[in-house]
Amino acid sequence: MSTKYKPKYTRVAQLKTAADLKKHLESNGIDLSFDETLLPPAESPFNTAIPLKSGKTIGNSLCILPMEGWDGTLDGKPTEFTKNRWVKFAVSGAKLLFGCEAVAVCHEGKANPNQLVMNEDNFEEFVNLRQLILDKHTEKFGSTDGLVIGLQLTHSGRFCKPNSHKKFESKILYSHPFLNQKFGMEADYPVLTDEEIDEIIELYVKAAVLAQKAGFDFVDIKHCHGYLGHEFLSAVDRPGKYGGSFENRTRYLRNIVAGIEQAALGLEMGIRVSAFDFLPFKKGLNEQGEPEKAETYPYAFGGREDGLGVDLEEPKAFLGLAQSLGIQMICITGGSPYYNPHLMRPALFPPSDGYQPPEEPFNGVKRQIDVTAELKKDFPELVIIGSGYSYLQEWLPNVAQYVLRTGMADSVGFGRMVLSYPTMPDDMMNGRTMTRNLICRTFSDCTTAPRNGIISGCYPLDPFYKKRPEAEELKAIKESL
């Protein structure tokens with residue numbers, strides 16, 4: 001994608017007033033509700049505490065979402081870049097840190113060579129990371145009351161790249177008609193055996209034990225974005241005990257939960273799940289995204305049979321299962337950044353390996369909000385965290401307030417937005433005017449950089465990254481595309 005790209009859709013920054021936003025949404029046929037006026041802090045739903053059945057209380061209804069780190073050491077330890085990002089989480093004002101970062105349960109399960117890994121050798125590093133959050137949060141807010149900190153545990157499955165930024169070393173559950181070809185795997189590429197899956201489950205349990213010892217309040221058993229947990233949910237034609245029926249496809253989750261309950265007594269668990277999925281998309285005419293062609297598509301968990309719409313029958317069964325297992329916190333997302341990123345990360349400017357948005361990005365925001373609201377309605381006792389809000393930019397607080405005020409979610413999560421504007425949650429809760437020059441404009445540099453082997457960060461807006469030599473390297477890469 002050239003830096004000279006002119007977006008097809010109106011930039012959010014041009015929608016200066018509530019009337020502008022309303023007109024834009026109406027003219028594009030997007031029924032996205034928002035509050036024109038923000039409530040004062042004493043009345044704001046942003047400041048609503050969330051009690052958990054464990055006895056803990058989340059101090060407010062804003063959340064930091066886990067993101068994949070690209071700046072650890074090759075043996076999975078944090079660097080100063082990693083710590084810099086965790087400090088942003090600590091001072092954000094959000095009281096729920098839903099996983100902090102995607103942490104692999106083993107070296108082979110890393111999505112990139114610089115992803116963090118939870119193991120005995122790295123244990124003390126995680127003790128220190130958690131303490132860093134506690135210290136910085138206390139320094140800014142006076143105490144850690146209401147702060148709930150999780151650690152997201154992951155195995156990247158099909159998207160493992162443990163030793164090279166460019167070479168996949170995929171661990172797959174079944175041969176996918178589009179993804180095998182897209183990522184350079186033959187149709188007969190070997191799949192994980194049931195015994196290998198059992199071993200991965202044991203690694204999750206060991207990592208959870210270490211997370212509990214390090215002081216984390218819960219672990220997030222990642223089931224989203226095309227990684228291993230998510231791929232289990234679509235393994236409809238895999239034979240054996242881990243594929244086929246819904247019961248078999250969720251055995252992985254059930255066995256991890258059972259193992260954690262036995263080995264890490266009292267440790268809470270959460271799940272970030274892609275509650276809907278579509279066909280993989282690719283560049284089409286004018287580099288705009290278009291779906292692969294298929295008469296039927298059985299691999300979209302939470303998707304219609306044609307792969308181009310939402311069907312929540314199985315996701316509702318999944319949330320029912322999670323609830324029966326005693327899991328209370330569920331973070332809702334959708335799709336995968338590898339094959340249909342516009343679903344989970346609506347943006348005006350795609351990353352270097354992406355495609356131009358195939359729909360007005362507000363549609364992507366609305367889809368995630370609507371799915372989250374329907375699931376919350378059916379599962380009122382679960383703590384449901386929404387995501388996909390960054391594209392709203394200046395209007396994020398107005399939409400988030402409406403969502404929380406009307407019970408469409410319990411908490412609103414921030415991902416890439418916090419990279420450029422770490423204190424946005426604190427500003428929202430205290431009724432401060434947003435700082436416009438910190439607002440994420442979805443330039444996607446935080447994805448383009450790591451896709452090209454460069455540390456991830458907000459190069460356009462964060463002075464820490466803007467001044468680094470990697471910023472010039474990234475600029476040259478974008479200009480060459």
Determine, step by step, whether Tyr459 and Ile454 satisfy the side-chain contact (heavy atoms from CB on, under 4.5 Å) criterion, reporting the C-alpha distance in whole Å, the side-chain angles of both residues, the deciding distance to 0.1 Å, and the verdict.
CA-CA 11 Å; Tyr459 287 90; Ile454 303 171; 3.3 Å; yes

Using a strict threshold of under 4.0 Å (side-chain N to carboxylate O), is an ion pair present between [Y] and [X]?
{"X": "Glu359", "Y": "Lys366", "value": "no"}
{"X": "Asp198", "Y": "Lys241", "value": "yes"}
{"X": "Lys77", "Y": "Glu125", "value": "no"}
{"X": "Asp445", "Y": "Lys475", "value": "no"}

Under 3.5 Å, is there a donor-acceptor pair between the [X] and [Y] side chains?
{"X": "Tyr391", "Y": "Gln368", "value": "no"}
{"X": "His24", "Y": "Gln14", "value": "no"}
{"X": "Ser387", "Y": "Arg272", "value": "yes"}
{"X": "Asp71", "Y": "Thr79", "value": "no"}
{"X": "Asp277", "Y": "Tyr297", "value": "no"}
{"X": "Tyr299", "Y": "Asp237", "value": "yes"}

Any side-chain heavy-atom pair from [X] and [Y] closer than 4.5 angstrom?
{"X": "Phe414", "Y": "Pro425", "value": "yes"}
{"X": "Phe301", "Y": "Pro315", "value": "yes"}
{"X": "Lys8", "Y": "Gln356", "value": "no"}
{"X": "Leu461", "Y": "Tyr421", "value": "no"}
{"X": "Ile197", "Y": "Leu173", "value": "yes"}
{"X": "Arg367", "Y": "Asp370", "value": "no"}
{"X": "Asn84", "Y": "Tyr465", "value": "yes"}
{"X": "Met269", "Y": "Leu325", "value": "no"}

How close do [X] and [Y] get, counting heavy atoms only, and between which atoms?
{"X": "Thr442", "Y": "Leu348", "value": "OG1-N, 3.2 Å"}
{"X": "Asp311", "Y": "Glu313", "value": "OD1-N, 3.1 Å"}
{"X": "Ile327", "Y": "Gly270", "value": "CG2-CA, 4.0 Å"}
{"X": "Met417", "Y": "Cys440", "value": "SD-N, 3.5 Å"}
{"X": "Cys224", "Y": "Thr333", "value": "CB-CG2, 3.6 Å"}
{"X": "Ser352", "Y": "Asn452", "value": "OG-ND2, 3.2 Å"}

Can Arg451 be said to sit on top of Tyr338's aromatic six-ring, NZ or CZ under 6.0 Å from centre and within 45° of the ring axis?
yes

Take Ile200 and Glu196, measure what side-chain contact (heavy atoms from CB on, under 4.5 Å) needs, and give me the verdict at the end.
CA-CA 6 Å; Ile200 291 171; Glu196 288 171 324; 5.5 Å; no

Pairs flagged by salt bridge (charged side-chain N to carboxylate O under 4.0 Å, His left out) wherever residues 169-187 is involved - sequence neighbours left out:
none

For [Y], does its backbone N or O pair with a side-chain atom of [X] as donor and acceptor, under 3.5 Å?
{"X": "Arg249", "Y": "Glu231", "answer": "no"}
{"X": "Thr250", "Y": "Leu253", "answer": "no"}
{"X": "Asn119", "Y": "Asp121", "answer": "yes"}
{"X": "Lys376", "Y": "Asp410", "answer": "no"}
{"X": "Ser170", "Y": "Ile172", "answer": "no"}
{"X": "Tyr242", "Y": "Ala235", "answer": "no"}
{"X": "Lys88", "Y": "Ser420", "answer": "no"}
{"X": "Ser61", "Y": "Ser411", "answer": "no"}
{"X": "Asn340", "Y": "Phe278", "answer": "yes"}
{"X": "Ser156", "Y": "Gly109", "answer": "yes"}

Just how far is it from atom [atom1] of [X] to atom [atom2] of [Y], taken to the nearest 0.5 Å?
{"X": "Gln393", "Y": "Arg11", "atom1": "CD", "atom2": "CZ", "value": "10.0 Å"}
{"X": "Lys316", "Y": "Phe379", "atom1": "NZ", "atom2": "CZ", "value": "7.5 Å"}
{"X": "Arg85", "Y": "Met67", "atom1": "CZ", "atom2": "CE", "value": "7.0 Å"}
{"X": "Met118", "Y": "Thr154", "atom1": "CE", "atom2": "OG1", "value": "14.0 Å"}
{"X": "Ser444", "Y": "Arg416", "atom1": "OG", "atom2": "CZ", "value": "6.0 Å"}
{"X": "Lys377", "Y": "Ile384", "atom1": "NZ", "atom2": "CD1", "value": "14.5 Å"}

Ring pair (Phe, Tyr, Trp, His ring centres under 6.0 Å) with His342: which of Phe362, Phe349, Tyr355, Tyr9?
Tyr355

Stepwise salt bridge (Lys or Arg N to Asp or Glu O under 4.0 Å) check, Glu394 with Arg441
CA-CA 10 Å; Glu394 283 89 348; Arg441 299 300 180 186; 2.6 Å; yes

One pair to check against side-chain contact (heavy atoms from CB on, under 4.5 Å): Leu116 and Leu129. What are the steps and the verdict?
CA-CA 12 Å; Leu116 301 188; Leu129 277 175; 4.2 Å; yes

Might you work through the side-chain contact (heavy atoms from CB on, under 4.5 Å) test for Met329 and Asp220, ending with a clear yes or no?
CA-CA 9 Å; Met329 291 182 287; Asp220 166 19; over 6 Å; no

Hey, mind stepping through His223 and Phe318 against ring-ring contact (aromatic ring centres under 6.0 Å, His included) and telling me if it holds?
CA-CA 11 Å; His223 273 69; Phe318 182 83; 5.5 Å; yes

Do Phe34 and Tyr402 pass the ring-ring contact (aromatic ring centres under 6.0 Å, His included) test, and can you show the C-alpha distance, the side-chain angles, and the key distance before you say yes or no?
CA-CA 5 Å; Phe34 66 96; Tyr402 179 86; 8.6 Å; no

